[in-house]
Amino acid sequence: MAAKKSGGYGELIRTVVIACAIALGIRTFFYEPFNIPSGSMIPTLLVGDYLFVSKASYGYSRYSLPLSLPLIPGRVLFSEPERGDVAVFKLPSDNSTDYIKRVVGLPGDTIQVKGGILHINGTAVKRRQIEDFQPENGARPVAQFIETLPNGREHRILELSDSMSADNTPVYHVPAGHYFAMGDNRDNSRDSRFPEVGPIPEQNLVGRADILFFSHDGDARLWEVWKWPFAIRYGRLLDTIE
């Protein structure tokens, strides 16, 4: 007697449900993909970059869950961000929009920008000028610096000028349980210097940007398959994010 063949629609549905549950679990508790739609983090991140954000780095809150479901009170398994981390967070003013910036201020810090130079707890952060950054669109080069935070973390920043609107600020006091974040493209970033962003509550942290897994320059439209190989920024694939 021949064995009865298993399968059918029931087995297919079961396989799809299991696969979706695994993907949802990975996205919720381990890594979630994000893409970069704006230039506020140039030169570290470019428009068209795709990255994995580590959800476990800072523990979990309701904003770790799909649709920000209110199932986690406060934050659990919390690990504090380090100065220099590139973090994804929910914009405090609406708790739904994802932002990505660099953490420069910790709870209890004072932060001020004077003449374009970041000051932390009254001390100017060291920066040294390197070669200019050349935008991909052919625009004029932009002054580029290496900024060294008090914990020794280094990263590149851009400065169009040291006398623009957010280059001279009042002193900001970072409240307990909050973080101060800025974009690396200092004169083209809406960040904690501005009231609509302000300091970031720890509950709003989504995760730390760790790996840049794909990048394209936007020159190829979806249907222009023949252009895809030339639009990929191959040198950025699988880069770690500093």
Side-chain angles (χ1 to χ4, degrees), residues 33-53 81-89 98-105 111-120 123-169 180-194 197 208-220 227-242:
F34 285 85
N35 74 290
I36 303 300
S38 75
S40 70
M41 282 297 293
I42 296 173
T44 303
L45 298 173
L46 307 179
V47 176
D49 283 349
Y50 289 76
L51 46 96
F52 284 127
V53 170
E82 295 183 9
R83 227 186 287 273
D85 283 0
V86 177
V88 172
F89 57 90
D98 291 314
Y99 264 38
I100 183 166
K101 307 291 179 185
R102 188 178 299 277
V103 175
V104 297
I111 302 292
Q112 186 178 22
V113 181
K114 295 192 291 185
I117 296 176
L118 174 63
H119 289 65
I120 300 176
T123 301
V125 170
K126 295 179 181 178
R127 74 177 196 184
R128 68 180 189 275
Q129 190 161 5
I130 57 174
E131 74 282 355
D132 287 351
F133 176 81
Q134 178 60 63
E136 289 179 329
N137 62 7
R140 67 179 181 86
V142 182
Q144 184 173 211
F145 300 84
I146 296 288
E147 189 173 73
T148 305
L149 295 172
N151 59 353
R153 294 274 293 271
E154 293 187 339
H155 57 274
R156 293 180 296 155
I157 64 169
L158 300 185
E159 286 280 8
L160 291 173
S161 163
D162 282 334
S163 57
M164 298 187 74
S165 60
D167 283 327
N168 290 281
T169 72
F180 198 94
M182 295 175 65
D184 292 346
N185 193 357
R186 289 291 164 80
D187 295 317
N188 284 294
S189 174
R190 306 297 289 186
D191 49 42
S192 291
R193 293 172 288 177
F194 297 88
V197 181
R208 185 184 65 213
D210 278 357
I211 301 170
L212 200 164
F213 68 88
F214 183 73
S215 182
H216 69 89
D217 61 16
D219 281 346
K227 291 185 179 180
W228 290 359
F230 306 101
I232 296 172
R233 301 182 182 112
Y234 291 97
R236 296 180 67 76
L237 303 186
L238 299 180
D239 267 359
T240 54
I241 297 171
E242 300 295 337

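Note that the coordinates shown come from a computational prediction; the quantities given were computed from them, not determined experimentally.
- For Asp162, the side-chain hydrogen bond (donor to acceptor under 3.5 Å, both in side chains) partners at least two apart in sequence or on another chain are Arg127.
- With sequence neighbours excluded, the residues that form a side-chain hydrogen bond (donor to acceptor under 3.5 Å, both in side chains) with Ser163 are Ser161.
- Note that CG of Asp49 is 11.0 Å distant from CG of Asp217, once rounded to the nearest 0.5 Å.
- When all heavy atoms of Pro135 and Val142 are compared, the pair lying nearest together is CG-CG2, 4.4 Å.
- A heavy-atom distance below 4.5 Å is found between the side chains of His216 and Tyr50.
- For Asn168, the side-chain hydrogen bond (donor to acceptor under 3.5 Å, both in side chains) criterion is met by no residue, not counting sequence neighbours.
- Leu158 has its side chain out of reach of Asp184: every pair of non-hydrogen atoms, C-beta onward, lies at least 4.5 Å apart.
- In this structure the side chain of Ile232 reaches within 4.5 angstrom of the side chain of Phe214, judged on heavy atoms.
- Among residue pairs with one or both ends in residues 129-144, those qualifying as side chain to side chain donor-acceptor pair (under 3.5 Å) are Glu136-Arg233, Gln144-Arg156; sequence neighbours excluded.
- Proximity of Ile120 to Arg83: side-chain heavy atoms (C-beta onward) are separated by under 4.5 Å at one or more points.
- The structure places CG of Asn188 at 7.0 Å from CE of Met164, a figure rounded to the nearest 0.5 Å.
- Rounding to the nearest 0.5 angstrom, the gap separating the OG1 atom in Thr169 from the CG atom in Leu118 is 9.0 Å.
- Residue Phe194 comes nearest to Ser189 through the heavy atom pair CE1-O, 3.2 Å, listed as atom of the first residue, atom of the second, then distance.
- Between Phe145 and Ala143, the closest heavy-atom pair is CE1-CB, 3.9 Å.
- For Asp85 (side chain) and Arg208 (main-chain N/O), no donor-acceptor pair under 3.5 Å exists by modelled atom type.
- When all heavy atoms of Val88 and Ile100 are compared, the closest pair comes out as CG2-CD1, 3.8 Å.
- By the side-chain hydrogen bond (donor to acceptor under 3.5 Å, both in side chains) test, Arg186 pairs with Glu147, sequence neighbours left out.
- Ile211 is not listed as a side-chain neighbour of Leu51, based on a closest heavy-atom distance of 4.5 Å or more.
- Within the 4.5 Å cutoff, side-chain heavy atoms of Met182 are placed close to those of Val113.
- For Gly183 against Asp191, the heavy-atom pair with the smallest separation is N-OD2, 3.1 Å.
- No side-chain heavy atom of Phe52 sits under 4.5 Å from any side-chain heavy atom of Asp210.
- Distance check: Leu46 CG to Met41 CE gives 10.5 Å after rounding to the nearest 0.5 Å.
- Side-chain contact check for Glu159 versus Asp187: some heavy-atom pair is nearer than 4.5 Å.
- Comment: Lys227 does not engage Asp219 in a salt bridge, judged by the lack of any side-chain N to carboxylate O separation of less than 4.0 angstrom.
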Acceptor/donor pairs from residues 33-40 side chains to any protein atom, 3.5 angstrom cut, sequence neighbours excluded:
| from | atom 1 | to | atom 2 | distance (Å) |
| --- | --- | --- | --- | --- |
| Ser40 | OG | Lys101 | NZ | 2.9 |

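- Note that the NE2 atom of His119 and the CD atom of Gln112 stand 7.0 Å from one another [nearest 0.5 Å].
- Remark: the backbone N or O of Pro229 is paired with a side-chain donor or acceptor of Tyr234 at under 3.5 angstrom.
- Under the 3.5 Å distance criterion, the side-chain polar atoms of Arg102 are matched with a main-chain donor or acceptor of Gly84.
- Looking only at distances, no side-chain donor or acceptor of Arg236 sits under 3.5 Å from a matching main-chain atom of Ser215.
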